[in-house]
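Just so you know, these numbers use all the heavy atoms, side chains as well, and skip hydrogens, waters and symmetry mates. Letters go in sequence order (proteins before strands), and every chain restarts at 1.
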Amino acid sequence: MTQAFSELSLAEPLARAIAEMGFSAMTPIQAQAIPVVLQGRDVMGAAQTGTGKTAAFSLPLLQRMLKHENASTSPARHPVRALVLLPTRELADQVAQQIALYAKHTQLRSTVVFGGMDMKPQTAELKKGVEILVATPGRLLDHIEAKNCVLNQVEYVVLDEADRMLDIGFLPDLQRILSYLPKQRTTLLFSATFSSEIKRLAGSYLQDPVTIEVARSNATASTIEQRFYRVDEDDKRQALKQLLLEKGVKQAFVFLNSKLGCARMARALERDGLNAVALHGDKSQDERLKALDAFKKGEVDLLICTDVAARGLDIKDVPAVFNLDIPFNAEDYVHRIGRTGRAGASGIAISFVTGRDVKQLAEIEKLIGKKTEVESLLLGSDQSRFGGAPSGRQNDGQRLWSDPQARAEVRSERPTRIRAPRASSDPFFDQPYQPPATDARPAWEGNAQPASARGLSPYIKSRKKVAALFRPMAPAAVESSTEAAS
DNA sequence: AAAAAAC
């Protein structure tokens with residue numbers, strides 16, 4: 001019982017824009033949220049990522065703005081009537097572009113303001129007057145305080161990624177912004193994840209809200225295959241390269257927890273001959289937008305990013321997400337893997353687990369309501385560069401942590417040694433990638449090296465059991481995946 | 001163990 005946009009009797013300019021964009025059937029969040037927003041109710045909406053939330057709030061807002069003239073008389077001909085707030089600049093940019101497309105055939109004007117860019121062009125746009133303003137909090141406050149925009153006629157506020165907007169880092173800015181807005185207004189909150197705490201807090205910003213939950217909140221899309229591999233800190237890059245080949249992945253988001261880690265990983269992968277670019281908050285905004293744009297166009301294969309890219313970014317057909325680090329917040333796991341498997345497409349999410357991530361993994365299991373199985377990964381020697389002769393063996397799905405004893409051992413493992421940052425003398429920066437000196441022979445063939453040096457998890461007890469689970473990679477499969485990856 | 005958002 002999918003409903004069509006045509007059943008909504010939207011204003012002609014909106015219907016035309018939708019048709020031009022090739023949309024006909026509504027997604028569940030759209031089918032449920034649009035009628036409610038059209039009634040002017042406050043909404044708290046939870047829906048999986050990639051299910052069309054932006055259209056779910058922007059279309060009915062535009063419709064209402066077209067149907068209802070702003071009642072108050074304004075000195076500006078185009079007072080801001082709708083304000084959309086987002087937690088990252090790239091996301092603000094993306095949502096603004098989408099709204100502009102929906103509003104294309106209307107007289108309604110929209111613009112976006114975010115930090116890291118020159119104030120002047122933004123100010124000029126604001127002074128011309130816009131009905132719809134998309135923004136990140138900090139820069140918006142700058143504009144408000146510089147009196148570049150007046151928000152006392154705002155009728156609609158949207159907090160997208162609402163749980164993030166309401167978290168401790170954003171809340172002070174958000175409260176200040178809200179203090180500039182009329183009390184009488186419609187407020188819409190949307191996110192894929194809502195913790196119960198945030199839900200309660202959110203309630204205090206809403207008046208008699210309608211709660212819309214199209215899937216259990218915090219759920220991950222069933223179109224995303226989720227896998228977890230036990231990988232030592234030092235083996236992560238090698239494991240990434242190997243899995244890219246094995247899975248035949250052409251393009252992927254690669255998440256790390258730190259900006260420095262991203263910068264290093266991107267450089268190292270580039271040196272290995274991969275087409276990788278970093279995206280994190282220490283880059284200039286210009287670089288950030290360029291990196292994202294190149295990834296969108298498919299000019300870049302691997303986007304090595306922090307959680308700046310975890311939420312909302314909508315890039316078509318990215319087949320894979322790698323979590324080289326397990327995110328600090330379980331919610332961010334849900335958002336990160338939501339960068340793949342969008343709009344019903346399939347995707348794979350691969351996460352690397354070290355000994356100290358066990359607790360966090362449990363949090364993720366709790367949040368997504370699924371048990372995870374951590375597999376071990378036998379790393380090949382990789383004598384060649386990426387795209388050359390593949391490694392000799394691959395893991396064929398060994399379930400490691402289903403064994404309670406192994407799990408207990410993992411818990412007690414000492415934390416991985418962390419290399420201190422050392423400017424340009426850091427060998428990680430300056431030396432070409434050295435493949436591991438060992439071959440890929442497994443431990444049971446009498447290799448004297450400690451198991452961890454070969455990427456074999458040190459807590460494997462039964463060699464026989466393990467041997468049965470590993471088998472050489474079939475040559476045919478290797479070739480096809482190599483081709484696909486190049 | 002961090003990142004994000006203003007200059």
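Annotation: of the two residues near DNA chain B, Met117(A) and Leu279(A), the 5′-most nearest-nucleotide partner is Leu279(A).
The nearest whole Å value for the distance from the NZ atom in Lys359(A) to the P atom in dA1(B) is 12 Å. The NZ-C1' distance, from Lys236(A) to dA1(B), rounds to 11 Å in whole Å. Distance CZ (Arg356(A)) to C1' (dA2(B)): 12 Å, rounded to an integer number of Å. Protein atom CD of Gln285(A) is 9 Å distant from nucleotide atom P of dA6(B), rounded to whole Å. Atoms CZ (Arg164(A)) and P (dA4(B)) sit 11 Å apart, rounded to a whole Å. If you measure from atom CZ of Phe170(A) to atom P of dA6(B), you get 8 Å, rounded to the nearest angstrom. Distance, Asp357(A) CG to dA2(B) P: 14 Å, rounded to whole Å. The separation between Asn148(A) atom CG and dA6(B) atom C1' is 14 Å, rounded to whole Å.
In this structure, the nucleotide among dA6(B), dA4(B), dA1(B) sitting nearest to the side chain of Phe114(A) is dA6(B). When each of dA6(B), dA4(B), dA2(B) is scored by its nearest atom to the side-chain atoms of Ser258(A), the top-ranked nucleotide is dA2(B).
At the heavy-atom level, Arg311(A) lies nowhere under 4.0 Å from the strands shown. Note on Gly115(A): only backbone sugar-phosphate atoms sit closer than 4.0 angstrom, heavy atoms only; bases stay farther off. At a threshold of 4.0 angstrom between heavy atoms, the contacts of Asn257(A) are confined to the sugar-phosphate backbone, with no base atom among them.
Between Phe352(A) and Phe228(A), the ring center distance fails the sub-6.0 Å criterion.
Qualifying side chain to side chain contact (heavy atoms under 4.5 Å, CB included) partners for Thr136(A), counting only residues two or more places apart in sequence or in other chains: Arg89(A), Ala92(A), Phe114(A), Arg139(A). Legend: residues meeting ring-ring contact (aromatic ring centres under 6.0 Å, His included) with Phe190(A), ordered by chain and number and at least two apart, are Phe57(A). Applying the side chain to side chain donor-acceptor pair (under 3.5 Å) test to Asp282(A) and every residue at least two apart in sequence or in another chain returns Lys259(A). Taking Arg41(A) as the reference, Asp208(A) meet the salt bridge (charged side-chain N to carboxylate O under 4.0 Å, His left out) condition, with sequence neighbours excluded.
Applying the salt bridge (Lys or Arg N to Asp or Glu O under 4.0 Å) rule to pairs touching residues 163-179 of chain A yields Glu145(A)-Arg176(A), Asp163(A)-Arg311(A), Arg164(A)-Asp167(A), Arg164(A)-Asp332(A), sequence neighbours excluded. Pairs of residues two or more places apart, or lying in two chains, that qualify as salt bridge (Lys or Arg N to Asp or Glu O under 4.0 Å) and include a residue from residues 112-127 of chain A are Glu125(A)-Lys128(A). Sorted pairs that involve residues 182-194 of chain A and meet salt bridge (Lys or Arg N to Asp or Glu O under 4.0 Å), not counting sequence neighbours, are lacking altogether.
A donor-acceptor distance shorter than 3.5 angstrom exists from the side chain of Arg339(A) to the backbone of Ala310(A), with no hydrogens or angles considered.
Defined by atom type and a distance below 3.5 Å, a donor-acceptor pair is missing between the side-chain atoms of Glu233(A) and Thr354(A).
A heavy atom lying under 4.0 Å from DNA chain B marks none of the residues of residues 171-181 of chain A. Remark: Phe328(A), Asn329(A) in residues 327-336 of chain A come within less than 4.0 Å of DNA chain B through at least one heavy atom.
In this structure, Arg288(A) does not reach the dA3(B) phosphate: none of its side-chain N or O atoms is under 4.0 Å from OP1 or OP2. Residue Arg89(A) places at least one side-chain N or O closer than 4.0 Å to OP1 or OP2 of dA5(B). Applying the 4.0 Å criterion to OP1 and OP2 of dA3(B), one finds that Thr88(A) has every side-chain N and O outside that range.
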